Amino acid sequence: MIKIAPSLLSADFSSLSDEVINITAAGADILHLDVMDGMFVPNITFGAPVIKAIRRHSGITFDVHLMIEKPIRYIENFIDSGADIITVHAEADDEKNIRRALEMIKEGGAMASVAIKPGTDAQAAEKYLDIVDMVLVMTVEPGFGGQSLIRSALEKATLIKKIIKSGCRSDILIEADGGIKASNAADVAACGVDILVAGSAVFGADDYKTAIDEIRRNAVSALK
Ligand code: DX5
Ligand code: ZN
């Protein structure tokens, strides 16, 4: 079943607890949390203490997207913050350390995920398919909300889904992140994406529930 994951990046940071409560009530399946360090991406957002503080306001699945250099340094902190899914970028360290970071996520009891940027080949994620529970395909350059979806990046989702289906871990999920809105949700879902992240399209809308419902409806229509 297709899941919709609003990204807190486009929420009102001065009222985070209300935003978490409201987005949960609006029917979001998952809350996507973008952690940026100003090094891996040219922007800084929030870290584990903020996630831990908002954790008590909702039981919704917390999907933590780490856009940080050498994420292995902080896995324990994010496990401790209450993350249910933790994503590390394949580009953020060497293969040995990324693999170890993914192992640490699993040892901590969370789902492990690897992300690739729009310019990174599918093979960079493929080498971790023996360990991950999810692959995050970036459909914009990471760093900022409100950008336009890069179609060529989305096409990689189709390829990765095919590879997953032909392997022994066909349960691995695909998440697409960046530039997703109601008008392109069907195209995203048609690529085999299981989780659609939407930041500005949901938190920028007047009514969160209407925005989520429309994205979901369009995404589901692609599978009929
Ligand atoms: C970008 C983030 C995305 C972002 C998506 O680096 O990873 O999760 O919040 O925002 P929209 O949906 O506005 O492109
Ligand atoms: Zn993200």
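Quick caveat: nothing in here was measured; it's all calculated off a predicted structure. Counting starts at 1 for both ligands and their atoms, in listed order. Counting from 1, the numbers follow the sequence of the chain as shown.
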Closest to atom 6 (O) of ligand 1 among protein heavy atoms sits G143 N, 2.8 Å
shortest atom 9 (O) of ligand 1-to-protein heavy-atom contact is with S7 OG, 2.8 Å
Using a 4.0 Å heavy-atom cut-off, say whether A198 meets ligand 1 through its side chain, its backbone, both or neither. backbone
So which bit of K181 gets within less than 4.0 Å of ligand 1, heavy atoms only: side chain, backbone, both or neither? neither
Hey, does [X] come in under 3.5 Å of ligand 1, counting only N/O atoms on both sides?
X: L9; answer: no
X: S10; answer: no
X: H65; answer: yes

For the Zn ion (ligand 2), which protein N/O/S atoms fall under 2.8 Å? Skip waters. H32 NE2, D34 OD1, H65 ND1, D177 OD2
Please confirm whether A201 comes under 4.0 Å of ligand 1, counting heavy atoms of the residue only. no
Count I, L, V, M, F, W, Y as connected when their side-chain heavy atoms are under 4.5 Å apart, and connections chain through other members. Are L149 and F203 then in the same cluster? yes
So, N184 side chain and D187 main chain: donor-acceptor pair closer than 3.5 Å or not? no
Shortest non-hydrogen separation from P142 to V41 and the atoms involved: O-CG1, 3.5 Å
Would you mind telling me which of V132, L66, V88 makes a side chain to side chain contact (heavy atoms under 4.5 Å, CB included) with I105? V88
Which of I85, D63, T61 passes side chain to side chain contact (heavy atoms under 4.5 Å, CB included) with M111? Answer is I85
Please compare D177, L149, V140, V202 and report which has the shortest non-hydrogen distance to atom 5 (C) of ligand 1. D177
Filter on salt bridge (charged side-chain N to carboxylate O under 4.0 Å, His left out), then keep only pairs touching residues 74-83, sequence neighbours left out; what's left? K52-D80
